[in-house]
There are 2 protein chains.
Amino acid sequence: MNSENVTIYDIASDAGVSIATVSRVLRGEASVSEATRKKVLDAIERRNYRPSSIARGLSSRTTHSLGIVLPKLLNPHYAMIFTGAQEEARKLGYTMSLFPWSSLDTREYNPAAMLAERRLDGLIVCVEYLPPDHDERVLSALQDLRQYMPVVLIGCVPPSYDFPSVSNNNAAMMEEIVRYLASLGHEKIAFIGGVREDHDPLRRDVGYENGLRDARLPYVSSYRVYCRGTAEDGAAAFTGMLSSLKREYWPTAVIALNDLVAMGCMASARDLGLAIPEQLSVIGCDNLFCTPYLVPPLTSINTHQQRTGTRAVQLLISGENKKETADWELVERASCAHAPKS
Amino acid sequence: MNSENVTIYDIASDAGVSIATVSRVLRGEASVSEATRKKVLDAIERRNYRPSSIARGLSSRTTHSLGIVLPKLLNPHYAMIFTGAQEEARKLGYTMSLFPWSSLDTREYNPAAMLAERRLDGLIVCVEYLPPDHDERVLSALQDLRQYMPVVLIGCVPPSYDFPSVSNNNAAMMEEIVRYLASLGHEKIAFIGGVREDHDPLRRDVGYENGLRDARLPYVSSYRVYCRGTAEDGAAAFTGMLSSLKREYWPTAVIALNDLVAMGCMASARDLGLAIPEQLSVIGCDNLFCTPYLVPPLTSINTHQQRTGTRAVQLLISGENKKETADWELVERASCAHAPKS
DNA sequence: GGCTATAATGATAGCGCTTTCATAATCAGA
DNA sequence: TCTGATTATGAAAGCGCTATCATTATAGCC
């Protein structure tokens, strides 16, 4: 642009020293006399010099930049993970680039090529529930990437994947949620899960069933449905479930995959004239910013997504090969109440 | 990592050609015989070779990567801008890195230094309403950056900033919103604006006043308050306004800075026993994903943030020095109705 | 004063590519 | 068969740094 690129040579000649000395000053090495250091810093200031991270990266073989791959930022769930990761990266002196999930998924070109070329110092990948054919391709893309940089996974990690990771213990979460609802007197508890959780060792539906068993409640297959994670899908799934059931068998509580799905359920319940929480308790997951402003405010699960992002970065940098589980807690709001008497 | 880094030399010797030829194949130059091209591609495949974008960037002086600076991704408004920008960048063969606003703002170290060092091919900056002292520092940071890469601004761009930009015509938006509410019979229309819009040539409050004048409605200063853009702030601002007013002077409609603030107003109204939309019409801005699921669904303004992001990238790449205005439209939902009779 | 340890600086070889420029091979046309 | 284009390749000079090793200046000591 404007100023022709100032290089280390310009600074060196301005300050009357060698480029090695300038480089020492840049990297904060101790063995430079105060007088020289000052000359160099003055020249840098005068010329408004900024060392090129590109050149630096080439010769030092480290770029101080990390990457994160996620499905879509428009879902606040991922925005939170990203934010946590980004802040931690920044603290540790790294920048963070974001890549859409399609970077791994597409067939247009070698999926991981672009990422591999970037010579990142590390990569975080948020793994969603994958259709089976994707699964293999993604795994091979990940293996490929791993040749170039350390990789940490977030989310649903199939047991066959041998990667460091941070994931939720969805099963335990669901177990406790069922217990919670049972303690409120609910006996007809519906469950809306995510499609294709089969690969998840900590899948929610297992926790749901265990929870029912613990509470000595019968498992009713019609109470269990699956959907993709949007509000529309949630509404459709819930409406579908109710329409297949006689009114007296309608559930008195529903556990949703996430808050978006819960929002869909609430809309659907409103359409059907079901009062929340009097006739139906609803519980979501993710604790999105809008949950307190829904009517009634939505009870949800805080899964500490930011902290998940943070931990992923820490694992990446430290190089530990751990599989971690994020902790979580129930955030009680007004959408859950005692089961109706009838 | 695993495989020692394969370089262009390895491929060259594998294929029995010079590195110049390998480079030609990589860049898809025409002047390579089919036979040679095949030999090279085979070697690349065999060794699983990926050219280093770092080295490439150093010698070609272009990185094919863009940056975007924004306040916070947790606000879906910015997530939408980012998504639009990212998709367009990808289409054009660029990657996009995200930097928190504090990159420009902090005093800890030279604000723009990190960005300048990255030698991006271009940078988008989302400018928020700034406190006056920030304003100068940000401007100088932007000027500084501009020496290294083209910069495009999004959002509130002070007239003194001579940068290409994409912004909203907030004034025109507000004018039309006031007209809309007036057409529904509202006469007491409140307005919650953003703090420090003073620098915005298209500031909302100006549009608000113009709208009132056009509708021949009196301007009442108590109906106009300001807040930062969160739901909590919105609730506080609205509650504050009402508490300073006798009940008969309470507004029958409120225009909020954005949907978050509108959500705050709705909560506040509910607390005060005001029915929406029977006693109070509420209108937000940004058309967030959750607006249809609020009770009642929130009328809002679609400002096409994704398209804004897209355009910003196009301006960046094309190098046009234009100041553009995004278009927008009212999305009517149930939170606005005719003014109450009384 | 002479000699070694220490601190400060310089020369220079990469890092892995792109990009001239030079050279060799191929092919029309006369 | 020879000439001048044209096409296909190679050699080598950067790009702007880091990092090693060599060199010089400074100090400390007997």
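The sequence lines fix the lettering, A, B, ..., with proteins before strands; numbering per chain opens at 1. These numbers come from a predicted model, not from an experiment.
Within 6.0 Å of CZ in A:Arg228 there are 12 or fewer heavy atoms belonging to other residues, nucleotides or ligands.
One can place CD of B:Glu117 at 12 Å from C1' of D:dC17, the figure rounded to the nearest angstrom. A straight line from CD1 of A:Ile11 to C1' of D:dC17 spans 13 Å, rounded to a whole angstrom. When rounded to the nearest whole Å, the span between CG of A:Asp10 and C1' of D:dG16 equals 11 Å. Here D:dT18 presents its C1' atom at 11 Å from CG of A:Leu26, a figure rounded to the nearest Å. Between B:His64 atom NE2 and C:dT18 atom C1' there is a gap of 13 Å when expressed in whole angstrom units. Rounded to whole Å, the distance from CD1 on B:Ile8 to P on C:dC15 is 14 Å.
Judged by distance alone, the side chain of B:Ser23 and the main-chain N or O of B:Ile19 form no donor-acceptor pair under 3.5 Å. Using a distance-only test at 3.5 Å, with no hydrogens or angles considered, no donor-acceptor pair links the side chain of A:Asp121 to the main chain of A:Leu66. Under the 3.5 Å distance criterion, the side-chain polar atoms of A:Arg47 are left unmatched by any main-chain donor or acceptor of A:Ala43. Proximity of a side-chain donor or acceptor of A:Arg61 to a complementary backbone N or O of A:Leu58 within less than 3.5 Å is not detected.
Each end of the helix from C:dG1-D:dC30 to C:dA30-D:dT1 gets its own rotation axis from five pairs of C1' atoms, and the angle between them is 50° to the nearest 10 degrees.
One distance of note links CD1 of B:Ile11 with CG of B:Leu26; it measures 8.5 Å at 0.5 Å rounding.
Counting non-hydrogen atoms under 4.0 angstrom, B:Ser23 reaches a base of the nucleic acid.
Evaluated for a side chain to side chain donor-acceptor pair (under 3.5 Å) with B:Asp42, the options B:Lys39, B:Lys38, B:Arg46 yield exactly one hit, B:Lys38.
Applying the side-chain contact (heavy atoms from CB on, under 4.5 Å) rule to A:Thr95 yields the partners A:Ser65, B:Phe99, B:Met114, B:Arg118; only residues at least two apart in sequence or on another chain are considered.
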Legend entry - Reading 5' to 3' through nucleotides 4-15 of chain D, protein heavy-atom contacts under 4.0 Å coded B for base, S for sugar-phosphate only, - for none: ----SBBB--BB
